> 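Before we start, here is the structure in question, set down as structure tokens.
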Amino acid sequence: MCGWTSCHLPKEVLARACAYRDRQGHQRLPEWRDPDRYCPSYNKSPRSNSPDTDSSEQIIAPMRWGLVPYWFKEADLSNDTIMEKRSFKVPLVKGRRCVVLADGFYEWYPEDWEKVWDNWRPLIAGIFDCWEPPEGGDCLYSYSIITVDSCKVMTDIHNRMPAILDGEETVSKWLDFGEVSAQEALKLIHPTENIAFHPVSSMVNRSWNNAPECLLPLHLLTRKELKASASSQKMLQWLATKSPKKEEPKTPQKAESDVPQWSSHASLLERWLKRGQEEEPAAKRPHTQ
DNA sequence: CCAGACGTTGTT
DNA sequence: GTCTGG
DNA sequence: CCAGACGTTGTT
DNA sequence: GTCTGG
């Protein structure tokens, strides 16, 4: 599966970005469960905690990436081979559908590729489960990202892509396990051409590199005129010494809004970056409506 | 019936 | 090569 | 997904 | 827990 994402927005901004309409059509903010465990990052790998939402009264909760089925016996969760399918079906039937919040996702590819985008969605369909450790203690929530065949524009990069939920209504239906059956919900899952991507630096290969530059298009990163913040400076320095071998595409961020402009995206990123430099080093919201 | 696996990946 | 950590 | 380690040591 | 293979 796609092994890497970014989800960097501050808690409050993220919550606002997840505003939704309830069944009565009222605008609502999701409830944060366990917000202190949310850990924003530009560079999230499997087994990290990401926020997901679930249920028809939407909530946001941190969950472990990599599904641990509720029947799992071992106390040791260290390996990555905790599988799915059978594990996958049961939670699905139980209506344990969630949405994985992400700015986008990273994908590796072997050769040079020059591509441009489309727009992008941060909301990925997921399945979650709840596992109680045999020795007792808190229930562990974990999830798996649903993937689908790649859309056309991505096929040269990878044959699979995350199931991106395209639009507010799709998201609501996916989460509404009360009204929408598993079968119906699965119909919402399909490849979308509605994404944007660009090459990023190999800085993102190292999961401890966590800076906004992870998301940046390579051509912006290498521009000298960018005065970087303290944390960014290190990253750029690192880049200078270890020049990237591979390039990686990435669907960049943006947090809310329905239909981002296809052409404004690069400039949006650029503006956001500059603004971020003048103020706080990381975690600046990219854009508001 | 029990035993054993349980994965949409991974690689160009 | 293979496993673990992130 | 990639990066990095790879260790019951050794010494009566 | 639940499905598949034997």
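Bear in mind the structure is a predicted one, so any value in this text is a computation, not a measurement. Each chain gets a letter, A, B and so on, in the order its sequence line appears, and its residues count up from 1.
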> Side chain of A:W208 only, please: which of E:dT2, E:dC3, C:dG6 is the nearest?
C:dG6
> Run the side chain to side chain donor-acceptor pair (under 3.5 Å) test against A:D22 and tell me which residues pass, sequence neighbours left out.
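In terms of side chain to side chain donor-acceptor pair (under 3.5 Å), with neighbours along the sequence ignored, A:D22 is linked to no residue.
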> Verify the ring-centre separation between A:Y141 and A:W131: is it less than 6.0 angstrom?
no
> Round to the nearest Å and state the distance from A:L92 atom CG to B:dC6 atom P.
20 Å
> In this structure, how many angstroms lie between the C1' atom of C:dG6 and the CG atom of A:N209, rounded?
11 Å
> Using the P atom on both, measure D:dA3 against B:dT11 and round to a whole Å.
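Between the two P atoms, the distance is 11 Å.
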> Hey, could you give me the CZ/CD1 distance between A:R33 and A:I60, rounded to the nearest 0.5 Å?
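Reported to 0.5 Å precision, the distance equals 11.5 Å.
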> Answer with base, sugar-phosphate or nothing: what part of the nucleic acid does A:S45 contact at a heavy-atom distance below 4.0 Å?
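Since a base atom lies under 4.0 Å of A:S45, the category is base.
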> Rounded to whole angstrom units, what separation is found between the CG atom of A:N159 and the P atom of B:dT12?
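So the CG-P distance, A:N159 to B:dT12, works out to 11 Å.
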> Just how far, in rounded Å, is C1' of E:dT2 from CG of A:L67?
15 Å
> So how far is it from A:N210 CG to A:W208 CH2, rounded to the nearest 0.5 Å?
13.0 Å
> Could you give the CZ-to-C1' distance, from A:R206 to D:dA3, as a whole number of Å?
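So the two atoms are 7 Å apart, to the nearest Å.
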> Give a yes or no on whether A:L188 and A:L101 share a hydrophobic cluster (residues Ile, Leu, Val, Met, Phe, Trp, Tyr; joining criterion: side-chain heavy atoms under 4.5 Å apart).
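Linked within one cluster.
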> Think A:R47 has a side-chain N or O under 4.0 angstrom from the OP1 or OP2 of C:dT4?
no
> Go through the structure and list residues passing side chain to side chain donor-acceptor pair (under 3.5 Å) with A:E184, not counting sequence neighbours.
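Side chain to side chain donor-acceptor pair (under 3.5 Å) list for A:E184, sorted by chain: A:S181.
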> Once you round it to whole Å, what is the distance between P of D:dC2 and NZ of A:K44?
19 Å
> Between D:dC2, E:dG1, C:dG6, which nucleotide has the shortest distance from any of its atoms to the side chain of A:N205?
D:dC2
> Atom CG of A:N49 to atom P of C:dG6: distance rounded to whole Å?
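It works out to 13 Å between those atoms.
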> Between C1' on B:dT9 and CD1 on A:I146, what's the gap in Å once rounded to a whole number?
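Interatomic distance, CD1 of A:I146 to C1' of B:dT9: 15 Å.
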> Can you figure out which of E:dT2, D:dA3, B:dT9 approaches the side chain of A:V90 most closely?
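The answer is E:dT2, which lies nearest to the side chain.
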> Of all the choices, B:dC6, D:dC2, E:dC3, which nucleotide is nearest to the side chain of A:W71 once you look at every atom?
B:dC6
> Show me the dot-bracket string of DNA chain E, counting Watson-Crick or G-U pairs under 3.5 Å, with | for pairs to another strand and [ ] for crossing ones.
||||||
> Considering only atom C1', compute the distance from D:dG10 to B:dG4 and round it to an integer number of Å.
43 Å
> With the 4.5 Å side-chain cut-off for hydrophobic clustering, are A:F177 and A:W174 part of the same group?
no
> Can you tell me how far P in B:dT9 sits from the matching atom in C:dG5, rounded to whole Å?
25 Å
